[in-house]
Amino acid sequence: MNTLIAANWKLYLNNQETLRLAENIVQAEWNIPTDVDVVICPSYPMLASMHALHEHNIALGAQDVFWKNEGAFTGEVGPAQLRDLSVEYAIIGHSERRQQLGETSEIINKKIKGALAGDLIPILCVGEDYEVHESGMTQDKISKQLHAALKDVDLVKGRLIVAYEPVWAIYPSKYEVNPDDVAAVAQGIEKELKTIFGESVYADRCQIIYGGSVSASNIKIFLTIPRINGALIGHASTTPEEFGKIIRVSSQITN
Ligand code: PGA
């Protein structure tokens, strides 16, 4: 399974800045290593203008997705609309949506099912806040998030990416994450996914990645953690030089 490097551009850039950044990336003509999959997730309105990225072996992702393809759902964007724009991935359940928009486990569960039914690869975000981390209840929290998000999810086809993002480590954060803690959580995620889907579906269709202030200078540390096979990167992915470096150093890392 290739290492997955996914850029989450959040609401950092206006339309022109998004176009400029994508253009810079295309012009840089990165030789994307064959063992690395690169995904860029810009804001919805910009997805239609990102065709050039495909020609450079970069896939497109959305930062969210609704679970239905049509109907009276003001403001929503469905999986089929995204697929029409050659979008292959969708971030689901990001902590910023859980916390600031009240996205519940039920909603996240519907989005995961909708994305898979619509041939999108969900990047399901899970993670604990600082109080939970301090109280030693991280595993419990992550396990609950996984079971709720993946309730009755059928993974006979498609793929699932789980991004472990300690909420307190997301940029700008004043805390340092201990790689041993990440390793323990990744082990717990693997265990839960095997329980939910079985060993072979886990092995064939699931991938665990890490997110939270990942940069060119620390990505190697995260990618060498057992079971972590990629990263979801916000802030550091919005500078082409930094993002290019991240991709180059992500190649040929074994854990
Ligand atoms: P960050 O964001 O890299 O800026 O911490 C990661 C994320 O929130 O997905």
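One-based numbering, in listed order, for ligands and for the atoms of each.
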(message) Under 4.0 Å, counting heavy atoms only: does Ala236 come that close to any atom of ligand 1?
(response) no
(request) Heavy-atom contacts with Ile233 under 4.0 Å: which atoms of ligand 1 show up? List them by number with element. (result) 3 (O)
(message) With a 4.5 Å cut-off on side-chain heavy-atom distances among I, L, V, M, F, W and Y, is there a chain of contacts connecting Leu223 to Val162?
(response) yes
(request) Evaluate whether atom CD of Glu55 has more than 12 neighbouring non-hydrogen atoms of other residues, nucleotides or ligands under 6.0 angstrom away. (result) yes
(request) Could you tell me which atoms of ligand 1, counted from 1 in the order shown, lie closer than 4.0 angstrom to a heavy atom of Gly212? (result) 5 (O)
(message) Residue-level breakdown please: for Ile170 versus ligand 1, do any non-hydrogen atoms fall below 4.0 Å on the side chain, on the backbone, on both, or on neither?
(response) both
(request) Inspect the contact between Lys194 and Glu190 and indicate whether a charged nitrogen and a carboxylate oxygen are less than 4.0 angstrom apart. (result) yes
(message) Between Asp129 and Lys141, does any side-chain N to carboxylate O distance fall below 4.0 Å?
(response) no
(request) Mind telling me whether Tyr130 and Trp168 have parallel, tilted or perpendicular rings, with 30° and 60° as the class edges? (result) perpendicular
(request) Quick one: look up the protein heavy atom nearest atom 6 (C) of ligand 1 and list residue, atom name and how far away it is. (result) Glu165 OE2, 3.4 Å
(message) For Pro45, is there any backbone N or O sitting under 3.5 Å from a side-chain donor or acceptor partner on Ser43?
(response) no
(request) Tell me which protein heavy atom sits closest to atom 3 (O) of ligand 1, plus the residue, atom name and distance to 0.1 Å. (result) Gly234 N, 2.8 Å
(request) Check ligand 1 against Leu232 and write out every atom of the ligand that is under 4.0 Å from a heavy-atom position of the residue. (result) 6 (C), 9 (O)
(message) Tell me whether Ser213 reaches ligand 1 (any heavy atom closer than 4.0 angstrom to a ligand atom).
(response) yes
(message) Please list, in number order, the atoms of ligand 1 under 4.0 Å from a heavy atom of His235.
(response) 1 (P), 3 (O), 4 (O)
(message) With respect to His94, determine whether any N or O atom, backbone or side chain, lies less than 3.5 Å from an N or O atom of ligand 1.
(response) yes
(request) Decide if atom CE of Met1 counts as having more than 12 heavy atoms of other residues, nucleotides or ligands within a radius under 6.0 Å. (result) yes
